[in-house]
Amino acid sequence: MIYLQVLANGLVLGGLYAAIAVGFSLVWGVLNVINLLHGSFIVLGSYVAFFGYAYFGIHPFISAAIAGLLLFALGYAVQAGLVNRVIAAPVLITLTLTFGLDLILNNAMLLVFSADYRKVNLASPLGSLELGPIFLPGDRVAAMVLAFLLTALLYRLLRDSRIGRAIIAVRMDREAAALMGVNVSRINAITFGLGACMAGAAGALLSIIYPISPLNSSLFLGKAFVVCVLGGLGSVPGAMVGGVALGLIESFGAYWFGPEHAVTLSFGLLLVLLFVRPSGILGKRGYE
Amino acid sequence: MRDWLILLALALAASALPLAGDNYLMRLGTIVAMYAVLAQSWNFIGGLAGYPSFATAAFFGLGAYTSAVLLAHGAPTGFAWGAAGLMATLFAALIGGAILHLRGHYFAIASLAVGEVMREIVNTTPDLTGGGMGMNLPVPKLSIAASAQLFYFAMLGLAALTTAVAIIVQRGKLGFGLRCIQQNEDAANILGVNAYGYKTAAFCLSAVFSGIAGAIYASWVHYIEPPDVFDILLAVKPLVMVLLGGLGTVFGPIIGAALLITFEEVVWRSFLTIHAAMLGLIIVLLVLFMPNGLLALVRSWLERRRKEGKA
Amino acid sequence: MSALLSLENVSRRFGGLNALDNVTLKVEAGEILGLLGPNGAGKTTLINVVTGVHPATSGQVLLQGEDITRLKPYRIARKGLARTFQIVQPFPRMTVLENVAAGAVFAGAAPSLKEGMRLSQEHLDFTGLGHVADKPASTLTLAQRKRLELAKGLAMNPRFLMLDEVNAGLNSSEVDEALAMIRRIAERGVTILVIEHLMKVVVTISTRLAVLHHGALIAEGPPKTVLADRGVIEAYLGEKYAARLAGGAR
């Protein structure tokens, strides 16, 4: 059954896409900022995993935590120091600002790491899973499971922690939240930090699957866009649904039309969706 | 009247550039004129109507490819350039109908996706466009100097034309309506502004000249490929230029184009490897410290001078 | 002879909520119709339905017999239906004069921008804003912004002007000025719909009243009759109070 295999591939891909997009979605939904740095944050996370493994033998799955923490700090600093200054400005301004920042970060990565594609070659890969007629590489599945876990963790954090509730309050009504004593600029910075943290962790997980290069950042950014529009903005379940939907679409699209049309397909779909249902499959809700 | 005089003076001054007889300067001048067209074009939809469009690259690339395909089939150059503008306009009208009901980020993303889809379509139709291999265009049978002059004046003429249209639009009912839309679209509708129609008009205006610029560019460099003419920077730089010069002003886009290209050229020559980062730095500084552009800065300075003079 | 504006069995739903429920109402040329109702009764929804912002889900809106139910807002505006917003909606970075000129140029009769500006200056003088014509609209006080809304509406050269709480947030002398201005507009032959949730204000100016409650029209007629209506009193003050009032009168 080739379709089962294609379906399984799509689901694995989808779990990773959800992790790629969830931080982007969080920042967009809560801060109304399109963070064009997101793709580079992911790549940076991959490099953390790559060098962690190459020099210290740390498994990328463990590096995910380190990358998450480092990028949280970076994201927090970027928001607190730069983006917060223009957070109230029109869309065009924040978008342009993150574009400029991304040019700088991406260029810096090119200088430091070069454009060469690198790859984490695990000394002891997990082998492959055989489920009846379906073959799946074990590391890929493990990465996907971890990606789902991370996303679920973010979901719980937003729902159950004080900071999470404050973030949701800011998303729903900035002024009201401020009046109730929420330090909005700090919450902004934490939110941006969390977005970057998710990007970094996802990047670390992806390091065992995708080749690593600064040139890949726009690829990841594009995926995050499509997932957000597919699933609806600013909700963790939305990112999950969007991620899985994109994974399945790409997997089946590649099977039916050939892999070279995958990008056209996903962007074409994005346009159609924006046209007919701009609020996404799950629709727009509060951040839950 | 004042705007027309400034335009005339600028055009005359720019026409004197070939007298310098420097091919490098001519090339730079052509690029500045090209970006002036793109920035001026973006200003219609982005500056006046306030819709953050990233479709400029799509229009430019579509124009380049339309003209290239026509030229490859033996069409005369002028016809191919005109058809490129027409094609871009029709495309904008069509796409605009679909995405101009989106606002803010959603519109920005949709317009960005339009460019990506266009690029992929070209990539996957090698029979017509050469696909990823790119396309060669006929080289005009002219001396290098004559050809440099031809393309310089073609771009310059187009820039002047675009600016003339910008002057007319900004003073007329269309520009007024677009400014209303930018500041409060719902209120504009209630006051009788046909917002949808006006936005579509602005989007088409931003397409027509970008498309022609793409066509002239293709003839000028006589080789095009998708990553070159659908480059995302072709959508972003015009926007940065307008921000630099002044959003929604007539001459801001030109000033921005001249400054940014000059600056890039200087940086490009001395710091090749951090070229992108320098551009990023300009953008960041611009957004943080001068979001209203240079013209506003100059204007407020003049205002202060005048007040001091009175006192 | 058909009415200037008539709503026939108009309903408007938002999801499960019936914001307007089968409303039938006629507005005759030349009158000042006061539209009353507690908060959330559907008064603003009624204006949104008439102006095409939220078209009716069922029923018809007729302007002198012509069906305008599904026309786009800008088309309805050009037919001479003007409104003001409860929450004022100026173009903040334009001058006061330009704000008004937008109405004159796009919906009103002004053949050119220049003529629109000239006409607008007259409307500003009429509404007492002539001295701030060249200031950015964002610098106006609330009372001035409310008058700016009025001037914008007038500039549209309306046959029918809908005023959505133009007096809310004003002090009593400002309210008196506003009421005098509304009367003067009516004297020019403009038919007016006044929305207020403060009864006192509407009663002094309206020639006829209509009352909405939970989206339905519960009373309509001359002010005195409407205000004596048991249903209206209940809607405003609650059943108990209405009963006591009735008991006290006996």
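Order of the sequence lines sets the chain letters (A, B, ...), proteins ahead of strands, with each chain counted from 1.
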Identify the two heavy atoms, one from B/A276 and one from A/L103, that lie closest to each other, and give their separation to 0.1 Å.
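The answer is O-CB, 3.6 Å.
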Please give me the minimum heavy-atom distance between A/L92 and B/P52, naming the atom from each residue.
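Heavy atoms only, the tightest pair is CD1-CB, 4.0 Å.
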For [X], is it the side chain, the backbone, both or neither that has a heavy atom under 4.5 Å from a heavy atom of chain A?
{"X": "B/L285", "value": "neither"}
{"X": "B/L286", "value": "neither"}
{"X": "B/A108", "value": "side chain"}
{"X": "B/L239", "value": "side chain"}

Greater than 12 external heavy atoms within 6.0 Å of B/M118's CE:
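Yes, because the 6.0 Å sphere around CE of B/M118 holds more than 12 heavy atoms from other groups.
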Using side-chain contact (heavy atoms from CB on, under 4.5 Å) as the criterion, point out the one residue from A/L82, A/V86, A/L95, A/V83 that pairs with B/V287.
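Of the listed residues A/L82, A/V86, A/L95, A/V83, the side-chain contact (heavy atoms from CB on, under 4.5 Å) partner of B/V287 is A/V86.
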Please identify which of these residues, A/L101, A/T96, A/T98, meets the side-chain contact (heavy atoms from CB on, under 4.5 Å) condition with B/V284.
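Between B/V284 and the candidates, side-chain contact (heavy atoms from CB on, under 4.5 Å) is satisfied uniquely by A/L101.
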Looking at chain B, which one of A/T94, A/L105, A/N32 has the largest number of heavy-atom pairs inside 4.5 Å, strictly under?
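Result: the option with the highest number of such pairs is A/N32.
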side-chain contact (heavy atoms from CB on, under 4.5 Å) between A/W28 and B/I109: does it pass, once the steps are laid out?
CA-CA 12 Å; A/W28 187 352; B/I109 288 185; 3.0 Å; yes
Gap between atom [atom2] of [Y] and atom [atom1] of [X] - 0.5 Å precision:
{"X": "A/F99", "Y": "B/L233", "atom1": "CZ", "atom2": "CG", "value": "5.0 Å"}
{"X": "A/I34", "Y": "B/Y106", "atom1": "CD1", "atom2": "OH", "value": "9.0 Å"}
{"X": "A/I93", "Y": "B/L288", "atom1": "CD1", "atom2": "CG", "value": "9.5 Å"}

For chain A, which of B/V117, B/I282, B/I121, B/N123 has the most heavy-atom pairs under 4.5 Å?
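Looking at each of B/V117, B/I282, B/I121, B/N123 in turn, B/V117 comes out on top.
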Return the option, out of B/I99, B/V114, B/V236, with the maximum number of heavy-atom pairs under 4.5 Å with chain A.
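When all of B/I99, B/V114, B/V236 are compared, B/V236 has the most.
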Between A/V33 and chain B, with a heavy-atom cut-off of 4.5 Å, which part of the residue counts as in contact: side chain, backbone, both or neither?
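It is the backbone, since no side chain atom gets that close.
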Checking heavy atoms, do the side chain of A/L111, its backbone, both or neither come under 4.5 Å from chain B?
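Interface part for A/L111: side chain.
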